[in-house]
There are 2 protein chains.
Amino acid sequence: MPPSRQTRDPATPLREAILQEARTLLESEGYAALSTRRIASAVGCTATSIYLHFKSKDSLIYALIDEGFDELNRRVLEVSQGEGTALDLLRDVALAYVDFGLERPEYYEIMFMLRAEQMERYPVDAYRRARRSLEVFAELTALPAEEAARRGAIVWSTLHGLVSLLIAQRIDISLDRSALIEDSIHSACLGAFAALPSGANRT
Amino acid sequence: MPPSRQTRDPATPLREAILQEARTLLESEGYAALSTRRIASAVGCTATSIYLHFKSKDSLIYALIDEGFDELNRRVLEVSQGEGTALDLLRDVALAYVDFGLERPEYYEIMFMLRAEQMERYPVDAYRRARRSLEVFAELTALPAEEAARRGAIVWSTLHGLVSLLIAQRIDISLDRSALIEDSIHSACLGAFAALPSGANRT
DNA sequence: GCCTTACAGTTTACGCTGTCAACCTGGAAT
DNA sequence: ATTCCAGGTTGACAGCGTAAACTGTAAGGC
């Protein structure tokens, strides 16, 4: 066989149209409004035609998730290459993460707030690449691998808690939003750099 | 009309059986497995009979959510009345919150991880009472109302980020779980008591 | 003792979901 | 001219929440 390795996303016109409509629907009405029949009728084909271009509805969603991760990675990696102390950079990166979540809540929702157990398996390689930006949290701590990973997870989960509760509108709206975000990011940075108990009595 | 105020939950046998089966199904197979038809067939009635006892499927879920909040409140309030410094108490309360989430993930999921926008409105009074335990975070800071509320929100969102990502199995399993929890709780306490930027230049 | 009313449950149905098997159809290759 | 096939459609299945209409049964009034 010839060595021409063909891309596994043939990018036919209909496939593009389906993706575009899925994007539009997701952004305008959210994940809950994404149904194969709605996409199909907006695009002018039948629901089953979607399965000629995507293995399942989940894999269509994954294409959107990938786009979301592309944007998140772009934002985070760009900011992470700025100048300043590690603390400054971590603050900027954290803000970039939070901004992404609040500016693109529908993407954040499918990326981080969907029950993944009951979706079909996200391709492993894609998963690694997708979460590139999350590793930045760990790297910026400049600590040994194991502790860095833990600190990174703490930063991420702190930011994720904030973003997901804000998106779900579960945080008292009378709170000053920007002060909350500012303080949360500061607190997340403390989680990255302050002395924490488990570092003391473990190798 | 007579002053006899009747309870709004008549507690008929069938209603109890439906609730019991919903609990069982939730705990054994999770929220996604909860369907009116499954509950009905397990209980030995038809799906529509559920609507004789619950206004909607959502209101049945709310009954389960209430039970979850009852348990969370019980655990948190009990711990919050222990002895020790405010920091000690906050640590204990935070651990109680995390333990609840990890021991009862299905309840945590319906209480905090469901997209509430698209469920019918949770009764306002129930909502207030339900989230009693979350106010404990703010109270333990012993700060003026506004700042206490912000600090409480930071603690909550930090813990929620940790719990929700652990439940969703999105955190690298090679991480030492108990060290992560210990450090996260410590970090959350820093978020409650450490100097944070927004307190400095605001009234 | 009969009729009415109310309740508690069932039957049936509607419109929605993701997905599969079978079918069709136009154009390129033999 | 015939065959093959990629790319689409039709129709169907099993499941979902829920509304409307129907049925059986028990209690209360005459």
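Just so we're on the same page: letters track the sequence lines, and every chain starts at 1. Everything numeric here is computed off the predicted structure, so don't read it as measured data.
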Enquirer: Give a yes or no on whether a salt bridge exists between R132(A) and E135(A), defined as a side-chain N under 4.0 angstrom from a carboxylate O.
Expert: yes

Enquirer: Any chance CD of E16(A) has more than 12 other-residue heavy atoms, nucleotides or ligands included, within less than 6.0 Å?
Expert: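 Yes.
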
Enquirer: Will you find, in the side chains of Q20(A) and T24(A), an N or O donor that is under 3.5 Å from an N or O acceptor?
Expert: yes

Enquirer: Do E120(B) and S59(B) have side-chain N/O donor and acceptor atoms under 3.5 Å apart?
Expert: no

Enquirer: Looking only at the side chain of L14(A) (C-beta and beyond, no hydrogens), which of the listed nucleotides dT17(C), dC16(D), dG8(D) gets closest?
Expert: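 Among dT17(C), dC16(D), dG8(D), the one nearest the side chain of L14(A) is dG8(D).
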
Enquirer: Does H53(A) place a side-chain N or O at less than 4.0 Å from the phosphate oxygens OP1/OP2 of dG7(D)?
Expert: no

Enquirer: Specify the separation, in whole Å, of atom CG of D58(B) and atom P of dC16(D).
Expert: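 In whole Å, dC16(D) P and D58(B) CG are 16 Å from each other.
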
Enquirer: Just the rounded figure in Å: distance from C1' of dA21(D) to CG of L52(B).
Expert: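 Spelled out: CG on L52(B) to C1' on dA21(D) is 13 Å.
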
Enquirer: Pairing donors with acceptors under 3.5 angstrom, does anything connect the side chains of Y107(A) and E27(A)?
Expert: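 Yes, E27(A) and Y107(A) have a side-chain donor paired with an acceptor closer than 3.5 Å.
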
Enquirer: Using C1' atoms of five pairs at each end, report the bend of the helix from dG1(C)-dC30(D) to dT30(C)-dA1(D) rounded to 10 degrees.
Expert: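 The value is 30°.
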
Enquirer: Any Lys/Arg nitrogen of E103(A) or R75(A) sitting under 4.0 Å from an Asp/Glu carboxylate oxygen of the other?
Expert: yes

Enquirer: Could you give the NZ-to-P distance, from K57(B) to dG17(D), as a whole number of Å?
Expert: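 Nearest whole value for this atom pair: 4 Å.
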
Enquirer: I'd like to know if D183(A) pairs up with R150(B) as an ion pair, taking the criterion as any Lys NZ or Arg NE/NH1/NH2 lying under 4.0 Å from an Asp or Glu carboxylate oxygen.
Expert: yes

Enquirer: Can you list, in residue-number order, the parts of residues 59-67 of chain B that come under 4.0 Å of DNA chain C, counting heavy atoms only?
Expert: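 Within this stretch, nothing sits under 4.0 Å of the strand.
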
Enquirer: Residues in side-chain contact (heavy atoms from CB on, under 4.5 Å) with A149(B), at least two apart?
Expert: L175(A)

Enquirer: Near DNA chain D, counting only heavy atoms under 4.0 Å, which residues of residues 17-29 of chain A show up?
Expert: none

Enquirer: Please tell me which of the listed nucleotides, dG8(D), dT18(D), dT19(C), lies nearest to the side chain of S56(B)?
Expert: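 Closest nucleotide among those given: dT18(D).
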
Enquirer: Pick the nucleotide of DNA chain C nearest each of Y51(A) and S49(B); which residue has the one closer to the 5' end?
Expert: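 Residue closer to the 5' terminus by nearest nucleotide: S49(B).
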
Enquirer: Could you state the atom-to-atom distance from CZ of F54(B) to P of dT18(D) in whole Å?
Expert: 13 Å

Enquirer: Just to be sure I understand the rule, does I50(B) reach a base, reach only the sugar-phosphate, or reach nothing, if contact means heavy atoms closer than 4.0 Å?
Expert: nothing

Enquirer: Which of these passes ring-ring contact (aromatic ring centres under 6.0 Å, His included) with H160(B): F137(B), F100(B), Y108(B), Y97(B)?
Expert: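 The passing option is Y108(B).
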
Enquirer: In whole angstroms, how far is the P atom of dG18(C) from the NZ atom of K55(A)?
Expert: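 To the nearest whole Å, that distance equals 15 Å.
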
Enquirer: Closer than 3.5 angstrom, by distance alone: can the side chain of N73(A) be matched with the main-chain N or O of A130(A) as a donor-acceptor pair?
Expert: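 Yes.
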
Enquirer: Side chains of E182(A) and S178(A): any donor to acceptor distance under 3.5 Å?
Expert: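 No - no donor-acceptor pair under 3.5 Å links their side chains.
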
Enquirer: Protein within reach of the bases, or only the backbone? For nucleotides 11-16 of chain C, mark each nucleotide 5' to 3' as B, S or -, using heavy atoms under 4.0 Å.
Expert: BBB---

Enquirer: For the residue pair S56(B) / D58(B), report whether a side-chain donor-acceptor contact shorter than 3.5 Å exists.
Expert: no

Enquirer: Scan L34(B) against the nucleic acid and name what it touches under 4.0 Å (heavy atoms): base, sugar-phosphate only, or nothing.
Expert: sugar-phosphate

Enquirer: Check side-chain contact (heavy atoms from CB on, under 4.5 Å) between A47(A) and all other residues, then give those that pass, not counting sequence neighbours.
Expert: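 Scan of A47(A) (side-chain contact (heavy atoms from CB on, under 4.5 Å), adjacent residues dropped) gives T36(A), R37(A), A40(A).
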
Enquirer: Could you tell me whether the side chains of S187(A) and S184(A) share a donor-acceptor contact shorter than 3.5 Å?
Expert: no

